[in-house]
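First comes the structure, then the notes that go with it.
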Amino acid sequence: VLKRVIVIDMGDRVNYEEQIGTDIKQPLYMVNPEIISLSEEKSVLDEGCLSLPNIRVEIERPSVIKVRYLDYYGVPQTIERATGILAT
């Protein structure tokens, strides 16, 4: 069975209500996430990788995305406007 699963827990570092207009239960579980649209506007964030500790690089990505996914209970969800680190 082909499944893509993302679990995001940013704790109090991200205000989801501010970024997407609604509060999301932490952690955020996304099964088979699919980016539906992305902005032409870009933003740059300093990113790292757990596989390469202490190495960070500035990466340019879309500033805003729309994503569709199944939640923890298998219910379809859509985030209409993810920004900031959530868009990344």
Side-chain angles (χ1 to χ4, degrees):
V1 175
L2 182 60
K3 296 271 185 199
R4 294 178 313 258
V5 178
I6 299 172
V7 179
I8 302 170
D9 188 349
M10 297 296 292
D12 58 0
R13 293 185 293 174
V14 171
N15 181 335
Y16 288 126
E17 185 147 19
E18 188 175 281
Q19 285 194 5
I20 64 173
T22 186
D23 196 21
I24 293 178
K25 182 179 174 227
Q26 293 266 25
L28 171 59
Y29 298 92
M30 301 175 103
V31 177
N32 291 337
E34 187 179 354
I35 296 174
I36 305 304
S37 65
L38 43 92
S39 67
E40 289 186 25
E41 180 185 345
K42 307 290 184 195
S43 59
V44 176
L45 288 174
D46 187 40
E47 298 184 29
C49 175
L50 295 174
S51 300
L52 302 168
N54 302 318
I55 296 177
R56 302 191 66 79
V57 178
E58 288 187 347
I59 304 291
E60 184 179 79
R61 299 190 189 273
S63 296
V64 180
I65 66 167
K66 177 179 179 178
V67 62
R68 178 174 47 216
Y69 63 98
L70 300 177
D71 68 12
Y72 182 85
Y73 301 101
V75 177
Q77 302 289 336
T78 301
I79 298 176
E80 296 290 333
R81 184 176 166 78
T83 63
I85 191 71
L86 192 56
T88 300

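When reading the values below, keep in mind they use all heavy atoms of this one structure, side chains included, and skip hydrogens, waters and symmetry mates.
Met30 and Leu86 fall within the same hydrophobic cluster, where Ile, Leu, Val, Met, Phe, Trp and Tyr residues are linked whenever their side-chain heavy atoms come under 4.5 Å apart, directly or through other members. Note: the hydrophobic cluster containing Leu45 does not contain Ile55 (ILVMFWY, side chain heavy atoms under 4.5 Å, direct or indirect links). Ile36 and Leu38 fall into different hydrophobic clusters, where Ile, Leu, Val, Met, Phe, Trp and Tyr are joined by side-chain heavy atoms under 4.5 Å apart, directly or via other members. In the hydrophobic cluster analysis, where Ile, Leu, Val, Met, Phe, Trp and Tyr join through side-chain heavy atoms closer than 4.5 angstrom, Ile85 is grouped apart from Ile59. Linking Ile, Leu, Val, Met, Phe, Trp and Tyr residues whenever their side-chain heavy atoms come within less than 4.5 Å places Tyr69 and Ile35 in a single cluster.
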Next item on the list: Report the C-alpha distance between Glu80 and Thr78 in whole Å, list the side-chain angles of each, state the deciding distance to 0.1 Å, and finish with yes or no for side-chain contact (heavy atoms from CB on, under 4.5 Å).
Entry: CA-CA 6 Å; Glu80 296 290 333; Thr78 301; 3.5 Å; yes
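For residues 45-54, the side-chain hydrogen bond (donor to acceptor under 3.5 Å, both in side chains) pairs, not counting sequence neighbours, are Asp46-Arg56, Glu47-Arg61.
Here CZ of Arg68 is found 10.0 Å from OG of Ser37. Values are rounded to the nearest 0.5 Å. To the nearest 0.5 Å, atoms CD1 (Ile6) and CG (Leu28) are separated by 8.5 Å.
Considering every non-hydrogen atom in both Ala87 and Ala82, the closest pair reads CB-O, 3.4 Å. Contact between Pro62 and Ser39 at its shortest, heavy atoms only, is CB-O, 3.7 Å.
Counting heavy atoms from C-beta on, the side chains of Pro76 and Leu70 come closer than 4.5 Å.
Distance alone, capped at 3.5 Å, is enough to place a donor-acceptor pair between the Arg4 side chain and the Pro33 backbone.
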